[in-house]
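Step one of this worksheet: look at the structure below.
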Protein chains: 2
Amino acid sequence: MAMGVAGRGGYHHGDLRQAMIEAAEAVLAEKGVDGFTLRECARRAGVSPAAPAHHFGNLVGLLTAVATLGFDELSNAMEAAVAEAVATGGDRLAAIADAYLAVALARPGRFRVIFGRLGLKHGDEALARAAVRAFGILVRETKLALGRQEEGALLTRLPSSFSADADLGTILFVWSLTHGFSTMLVDGQLSPFEAQPGGRERLLKLYSEQLVQLLVSAVRQRRSDIGA
Amino acid sequence: MAMGVAGRGGYHHGDLRQAMIEAAEAVLAEKGVDGFTLRECARRAGVSPAAPAHHFGNLVGLLTAVATLGFDELSNAMEAAVAEAVATGGDRLAAIADAYLAVALARPGRFRVIFGRLGLKHGDEALARAAVRAFGILVRETKLALGRQEEGALLTRLPSSFSADADLGTILFVWSLTHGFSTMLVDGQLSPFEAQPGGRERLLKLYSEQLVQLLVSAVRQRRSDIGA
DNA sequence: GCGCTATCTTGACGCCGTCAAGTTCAATTT
DNA sequence: AAATTGAACTTGACGGCGTCAAGATAGCGC
């Protein structure tokens, strides 16, 4: 039935699932999302091309697993950023945006898998859970920034309802801004600017200092608009 | 050398380049960016798989041509939106953001080709020109919103220099927001919300009414911050 | 009306994802 | 401790992909 623990013996791998995921991450890091092949991953794991089928079903299944882990790491990074912001007195929402960006830049290939819609397993349960968790953090913090943490609980199910269009609007605002900048940086849309004096650092500095400041002030204004 | 006009005779196609581009658009619309193949496009154009090579070099060349046309359409849509805003007295920057979104939603497959970085021809001259034009519109309008249209001329060369970090910061802000929302909508990131009562229309309404309003007020604030 | 040369076809190559059938072997059962 | 079982993996093959080299075709300038 199930095999022992791990290690790489002879016929049976031991922990092929984990090995495939690691290989996938490596390939994504080296060759990006283009040039990513199932066979290459299998090769690196020292296994035949058909072996992964049993663990992931097919290529999409493997990518789905990678994306799920990516969401987890994103969630962890955001939570850590919030914790640090609390400790240092920084802005929580700004810290989240920075963490989001940092994760995207640290592993652009994986970021593309998560959000590029190469085609992930539509109904995958683990993926949905991981995505909801990450998104829930954003929702929670945005509401908190708007001054209505309410129960302040973590989302455990789907997007849940929003108390008002205003909440949803603000969330879209924050997320669009963060995601848009990350995406453009990862996809090289901003490379002309990175070629200018100051390079990428200048962009990141502008983003971190000015954009986020704008974001915060906009949310503040929004809050007063609403009259919370 | 060059053949006559067009039409589909026998051995020679007549205008294969155009036919391939149209076929590519059709495939992108039907099957999306996954499931897009050069052979399928050639099939639709009624031509052998190797025929397109002479016109586009390879698959990347075809996608590059498609992306170039996409940039042109984006530019035209944005300019038209600005013209209409001028006529109706609406906000020009908001009109641009709406046009950007509309183009993305009208042809999501092509939008993905343009911005998804399936790998376009790096140094392609026509592509670069088209991209610079589209981007130049955004820059021009942002500067104008900031109260410094200066020469007000269209960009003809690369991103040019920016008078200050403030300008660049604002442009990043506007573009990130617009691109982020468009991308998430196209890539289905917001589909959970679209499943909620109100559907996609609610999101678009929120975006158009509230986010853009926020954007404008933020830019206004930015302008006063700068002290223009 | 004759070549020139761009255009398109043919055929082949290697790589891809996936499937069906066979092989191995750890864990459980007897 | 030996047999069994069934998950894990291999082998071999299939069709489809992008691309290349070599040959066929035909519009255009001379």
Side-chain angles (χ1 to χ4, degrees), chain A residues 1-24 27-28 30-66 109 113 118-122, chain B residues 1-24 27-28 30-66 113 117-122:
Chain A
M1 274 196 183
M3 81 298 310
V5 276
R8 190 66 231 282
Y11 202 98
H12 288 45
H13 182 285
D15 192 3
L16 180 56
R17 184 183 167 87
Q18 184 61 28
M20 279 297 293
I21 288 178
E22 286 170 9
V27 172
L28 283 173
E30 284 178 33
K31 319 202 179 189
V33 80
D34 300 341
F36 177 89
T37 57
L38 183 70
R39 284 178 115 107
E40 168 73 12
C41 295
R43 235 173 273 132
R44 299 205 183 196
V47 117
S48 88
H54 206 283
H55 295 275
F56 301 100
N58 53 18
L59 172 64
V60 171
L62 173 58
L63 289 175
T64 300
V66 169
V113 170
L118 281 195
L120 303 183
K121 219 147 115 197
H122 186 344
Chain B
M1 269 200 180
M3 79 298 310
V5 275
R8 189 66 233 282
Y11 203 98
H12 287 45
H13 182 285
D15 191 3
L16 181 56
R17 184 183 167 87
Q18 184 61 27
M20 280 297 293
I21 288 179
E22 286 170 10
V27 172
L28 283 173
E30 284 176 34
K31 321 204 177 189
V33 79
D34 300 342
F36 178 90
T37 58
L38 183 71
R39 285 179 114 106
E40 168 74 12
C41 295
R43 235 172 271 133
R44 299 206 183 195
V47 117
S48 88
H54 205 284
H55 295 275
F56 301 99
N58 54 15
L59 172 63
V60 171
L62 174 56
L63 290 175
T64 300
V66 170
V113 169
R117 267 280 185 284
L118 281 194
L120 302 184
K121 218 148 117 198
H122 186 341

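Each chain gets a letter, A, B and so on, in the order the sequences are listed, and its residues count up from 1.
Between B:A24 and B:C41, the closest heavy-atom pair is CA-SG, 3.7 Å. Residues A:P49 and A:L38 share a closest heavy-atom pair of O-CD2, 4.2 Å. Residue B:M20 comes nearest to B:F56 through the heavy atom pair CB-CE1, 3.6 Å, listed as atom of the first residue, atom of the second, then distance. Scanning all heavy atoms of the two residues, the minimum distance from A:L16 to A:A45 falls at CD1-CB, 4.0 Å. Looking at every heavy atom in both residues, B:A65 comes nearest to B:I21 through CB-CD1, 4.1 Å. Across all their heavy atoms, B:K121 and B:G61 have their closest contact at CD-CA, 4.3 Å.
In this structure, CD of B:Q18 is placed 15 Å from P of C:dT7, rounded to the nearest angstrom. Rounded to whole Å, atom C1' of C:dC19 lies 15 Å from atom CG of A:L59. In this entry the distance linking CZ of B:R17 with P of C:dC8 reads 12 Å, nearest Å. Between B:K31 atom NZ and D:dC17 atom P there is a gap of 9 Å when expressed in whole angstrom units. The distance between atom CD of B:E40 and atom C1' of D:dG18, rounded to the nearest whole Å, is 15 Å. Remark: C1' of C:dA6 and CG of B:L16 are 13 Å apart, rounded to the nearest angstrom. The distance between atom CG of A:D34 and atom P of D:dG18, rounded to the nearest whole Å, is 13 Å. The interatomic distance linking A:H55 (NE2) with C:dT18 (P) rounds to 15 Å, in whole Å.
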Give me the distances for all protein-to-nucleotides 22-25 of chain C N/O pairs that come in under 3.5 Å?
unit_1: C:dG22; atom_1: N2; unit_2: A:Y11; atom_2: OH; d: 3.3
unit_1: C:dT23; atom_1: O2; unit_2: A:Y11; atom_2: OH; d: 2.9

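A search for side-chain hydrogen bond (donor to acceptor under 3.5 Å, both in side chains) contacts involving B:R43 returns B:E40, not counting sequence neighbours. In this structure, the side chain to side chain contact (heavy atoms under 4.5 Å, CB included) partners of A:V33, at least two apart in sequence or on a different chain, are A:L28, A:R112, A:V113, A:L118.
Under the 3.5 Å distance criterion, the side-chain polar atoms of A:H12 are left unmatched by any main-chain donor or acceptor of A:G14.
For the OP1/OP2 pair of D:dA8 and a distance below 4.0 Å, the side-chain nitrogens and oxygens of A:H54 include at least one atom meeting the criterion. Contact check, B:N58 against D:dT19: a side-chain N or O comes under 4.0 Å of OP1 or OP2.
For A:L38, taking side-chain heavy atoms from C-beta onward, the closest of the listed nucleotides C:dT18, C:dC8, D:dA8 is C:dT18.
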- Task: Evaluate the criterion side-chain contact (heavy atoms from CB on, under 4.5 Å) for residue pair A:L62 and A:H55; output intermediate values, then yes/no.
- Result: CA-CA 8 Å; A:L62 173 58; A:H55 295 275; over 6 Å; no
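Residue pairs meeting the salt bridge (Lys or Arg N to Asp or Glu O under 4.0 Å) criterion with at least one member in residues 48-58 of chain B: none, sequence neighbours excluded.
An angle of 10°, rounded to 10°, separates the two end axes of the helix from C:dG1-D:dC30 to C:dT30-D:dA1, each defined over five pairs.
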- Item | Under 4.0 Å protein heavy-atom contacts per nucleotide of nucleotides 10-15 of chain C, with B for base, S for backbone only and - for none | B-----
